[in-house]
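Please read the structure below before turning to the comments.
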Amino acid sequence: MIFNTHIFKILCICFCLLGCASTQKDTTKTTKSHKTVDYFADNGFGNAVAIVQHPAGVYHNGITYVCYQGEKEDPYVASYNHTTKEWKGPFKAGVSEMGKDPNRKKRIDNHGKPAMLIDDAGYIHIAFGGHGGTPADGENPLGNHHYGKNLHAVSKKPLDISSWQTLDNISLFGTYSQFVKMDNGDMYLFYRHGAHRSDWVYQKSIDNGVTFDAPVSFLKHKRLQNIEAEDSWYPWVSKGNGNDIIVAFDYHICRDNKNAQDARGHIPERHNIYYMVFDTKTGVWKNVKNESLQMPLTKEMADQKTLVREIPDDWTFQGVVDVDPSGNPQVCMMVGPDIGEKRSGSKRIQHFRWNGTSWLKSNNKDLPRGNGDIEVKSSNEVSLYLESRMSDDVGEVSRWDSFNGGASFKKGTVFLRRKDATFVISSLIDNPHPDARIIVGEKASGTDYKKMYLLGDNGPIKRVKNEAKILKKKR
Ligand code: ZN
């Protein structure tokens, strides 16, 4: 009898196990039908993300929020919950004035890619869509016109990316939007106030982006005396330590279309590397030696007070900067030969470190060609996040680490590798979760669309294929 009870128990356990196994099998089946892919959306459009419009993502309370230029150059926002592993979106956050005219000579403008900020009340802000405005928008008091309208969209509810409203409270002449939020919640929107021949400005908001102060110039455009050209600038702005905002920038000599100095006319010629700091508490701008600067900064004063390195012959592109805990900056800039209309193709990142008394140039022969962002942990520990095209036609997004202040770099984590792929890369996500540090778009031949990836230390964050296929769904 006891024996039989025992057998009965064993049989029960067996059935139970079989039951479990069959449930397990069913789950596997379900998972199979929900096949995952390593991109989160396929409707990235044109250059989709870049270093300059930033941050393109923010990590906040367990969730990474990302934005990018989607179909018809409209801004799209998606989010990923690191605890539940749930994706939301992408949702369209606004409508760009650009990307709608099929007859326009430059089909995709790409200047109005979105930048993102989450204010202290949890509302998500996106600035997008601008490239200087047009004469129909009226006179631009701080520069010239080109196209589009810089717009400011805000989520209707805190931390909810599903619905948005566009506010009329920033200058529509803006382009290359860059957001910085200070520890006290003050919001700064930096941008160029028009096309090439315009001042760079910021607008400040102390009420979570409900209102912004009028634009304040910090880099001055002006006509040159002896050359048929104007002074123009490309800064990259980021939060430093405490109340500081830090800026790395290069100089664009904006030649007239027909000019005596260069038969090519207007070309994307950029030179030199500069650095300065804005103390937002005192309102004083300073150079690396703590000397105050008269604003808006002119070319003459920039050369005299803020030079990291003069680069008169080679061309420059896209600086980035970070500071160590003592406030000493490290700056990266793409540098390469005069290559006419081609942009970053033959340029290479150069790394410079301020050691308290002078700028040291790294001998970074180990680094691949590629564009990216910098993260400084200490004066010695620095990482670069780069997209690069390897010699065997493999596109790669990886981290390059230095433990000697940039004297040498070694390849660390590889986030993504693809045969025959080229990537466009964002700046580092603000306050990033280790699993979600950067956003990239994968260029594919024969289409303007890009697959969008959210990359971190464990590679791309995967998504159910049906959810990531936005384009297919719409057709
Ligand atoms: Zn120009």
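Counting convention: from 1, in listed order, for ligands and their atoms alike. Atom set for the values below is all heavy atoms of this structure, side chains included, hydrogens, waters and symmetry mates excluded.
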**Asked** So, R399 and Y385: side-chain donor and acceptor under 3.5 Å apart, yes or no?
**Response** yes
The reported gap from OG1 in T413 to CG in D401 (rounded to nearest 0.5 angstrom) is 6.5 Å
query: If you measure only the distance, is there a donor-acceptor pair under 3.5 Å linking the side chains of Y202 and Q178?
result: no
Could you give me the CA-CA distance, side-chain angles and deciding distance for D338 and R264, then say whether salt bridge (Lys or Arg N to Asp or Glu O under 4.0 Å) is met?
CA-CA 12 Å; D338 171 345; R264 291 173 291 181; 2.8 Å; yes
Would you call D244-K281 a salt bridge at under 4.0 Å N-O?
-> no
At a cut-off of 2.8 Å, protein N/O/S around the Zn ion (ligand 1) gives H196 ND1, H252 NE2, C254 SG, H266 NE2
With sequence neighbours left out, the residues meeting ring-ring contact (aromatic ring centres under 6.0 Å, His included) with H152 are H125, F212
